[in-house]
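Reckoned from all heavy atoms, side chains included, excluding hydrogens, waters and symmetry mates.
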Amino acid sequence: MRETEAPAAGQPRTPYHRRLLGRRLPVLLAAALVLTLLGPFGTFADLTLAQRLAYWCGLIGLGGLAFELLTLAAGHRLRERAGAWRAMLAGVVLAVAALMTLTVALLERTLRGMDFLRPLGLAELFVYVVLVTLLVSAIPVWLELRDRGLLAGPTPPPSPPVPDNAPASPAERPEPTFLARLPARLGQDLLALEMEDHYVRVHTAEGSDLILMRLRDAIAELAGLEGMQVHRSHWVAAAAVAGVERKPDGKLVLVLRNGRRVPVSRSYAAAVREAGWTEKTGP
């Protein structure tokens, strides 16, 4: 199964139609119904149930539409600026509140004869509208920020990538368990392994000896030591290669530091070349 790439910070994780129909519209409808039933700011006493329903559904619908249009417009401009979304949404809420303040002032003047079209009246009405706008938009704004991954704290900058072939530091390089099998007289300077029947012949800078185990098991225990299998019967440490010879038939032969020569089978020749071992000069 193909793995989908995670959205960048600031980009929504949920399709727009699902965010609109599944989240914001239900919140707006619920807010309009609650305000219709409660009838705040004198609407309960002055308007009938049908009038209150039309009043609050119209205002909430207009405010919701303004919020959507402003958010979509800002989204195109802030596509690559995830950190600006919080300030942008706060600005959208204030802009919607200002628009709705003027709308409510005109509606109240026409419907109930109240005059808010003066500085003090607009300021007082703006406070009420901001409160209603915050209550109605709190959940949609929170859901939008969460969907865009902007509610968590700042993400620390990622560490620079480490190349696959970058050598590990001595402190990070694990000690191969196979080295514990070596006789003390052979030391720890491992050069190569050679399969002999049911044994593995170990070659070090101090000499060689036989260990009863399979070659593949010995190679598994050498994890952390740079080297590779170069033949079905041979494994060589990278530090042991002093040079490479090429036979007339094109096959490669590794020359180790102790003068030992190890054949390279054709199936492993490409890996030897990729490791750069063929660039080493002979002794």
Side-chain angles (χ1 to χ4, degrees), residues 1-9 152 154-283:
M1 181 180 297
R2 185 178 180 181
E3 183 179 359
T4 57
E5 184 179 357
T155 303
S159 301
V162 179
D164 294 337
N165 60 351
S169 65
E172 297 174 347
R173 186 176 299 137
E175 183 72 12
T177 57
F178 180 79
L179 296 182
R181 298 178 180 271
L182 300 181
R185 63 180 179 83
L186 292 183
Q188 299 288 297
D189 188 6
L190 182 63
L191 302 180
L193 302 179
E194 180 181 2
M195 182 174 65
E196 291 187 12
D197 295 328
H198 300 293
Y199 291 84
V200 170
R201 180 169 293 279
V202 180
H203 299 278
T204 72
E206 303 298 328
S208 66
D209 203 348
L210 290 174
I211 297 178
L212 180 59
M213 66 185 309
R214 295 179 298 184
L215 178 62
R216 63 181 181 182
D217 294 335
I219 294 174
E221 292 186 1
L222 286 171
L225 183 64
E226 188 178 0
M228 73 172 69
Q229 187 172 2
V230 298
H231 188 280
R232 64 181 301 271
S233 302
H234 296 275
W235 177 94
V236 175
V241 180
V244 179
E245 295 178 349
R246 186 181 299 274
K247 292 184 177 181
D249 60 1
K251 291 185 178 181
L252 302 177
V253 176
L254 301 178
V255 181
L256 307 189
R257 286 190 280 111
N258 63 350
R260 184 175 185 81
R261 282 164 170 75
V262 178
V264 177
S265 64
R266 295 190 184 277
S267 58
Y268 292 97
V272 170
R273 293 189 183 93
E274 290 178 3
W277 291 6
T278 56
E279 299 175 3
K280 296 184 179 182
T281 58

Mind listing the side-chain donor-acceptor pairs of residues 176-193 below 3.5 Å, one per line with the distance, residues two or more places apart or on another chain?
{"residue": "T177", "atom": "OG1", "partner": "E221", "partner atom": "O", "Å": "3.4"}
{"residue": "R181", "atom": "NE", "partner": "E221", "partner atom": "OE1", "Å": "2.8"}
{"residue": "R181", "atom": "NH2", "partner": "E221", "partner atom": "OE2", "Å": "2.9"}
{"residue": "R185", "atom": "NH2", "partner": "D209", "partner atom": "OD2", "Å": "2.8"}
{"residue": "Q188", "atom": "NE2", "partner": "L179", "partner atom": "O", "Å": "3.4"}
{"residue": "D189", "atom": "OD1", "partner": "R257", "partner atom": "NH2", "Å": "3.1"}
{"residue": "D189", "atom": "OD2", "partner": "R257", "partner atom": "NH2", "Å": "3.3"}

Which value, rounded to the nearest 0.5 Å, describes the distance between M195 atom CE and I219 atom CD1? 9.5 Å

Expected list for residues 232-248: side-chain donor-acceptor pairs under 3.5 angstrom, two or more places apart:
{"residue": "E245", "atom": "OE1", "partner": "R261", "partner atom": "NE", "Å": "3.3"}
{"residue": "E245", "atom": "OE2", "partner": "R261", "partner atom": "NE", "Å": "3.3"}
{"residue": "E245", "atom": "OE2", "partner": "R261", "partner atom": "NH2", "Å": "2.8"}

With sequence neighbours excluded, tell me which residues meet salt bridge (charged side-chain N to carboxylate O under 4.0 Å, His left out) with R216. none

Hey, what do you get for CG (L215) to CZ (R201), rounding to the nearest 0.5 Å? 13.5 Å

Could you work out, with side chain to side chain donor-acceptor pair (under 3.5 Å) as the rule, every residue matching R266, not counting sequence neighbours? none

Do Y268 and Q229 have side chains that approach each other closer than 4.5 Å (heavy atoms only, starting at C-beta)? yes

Return the set of residues passing side chain to side chain donor-acceptor pair (under 3.5 Å) with E194 (not counting sequence neighbours), or none when no residue passes. H203, R260

Locate the shortest heavy-atom distance separating E196 from L210; write the atom from each residue and the value. OE1-CD2, 3.6 Å

For R273, enumerate each residue passing the salt bridge (charged side-chain N to carboxylate O under 4.0 Å, His left out) test, keeping only those at least two apart in sequence or located in another chain. none

After noting the C-alpha distance and the side-chain angles of L252 and V230, does the key distance pass the side chain to side chain contact (heavy atoms under 4.5 Å, CB included) rule? CA-CA 10 Å; L252 302 177; V230 298; over 6 Å; no

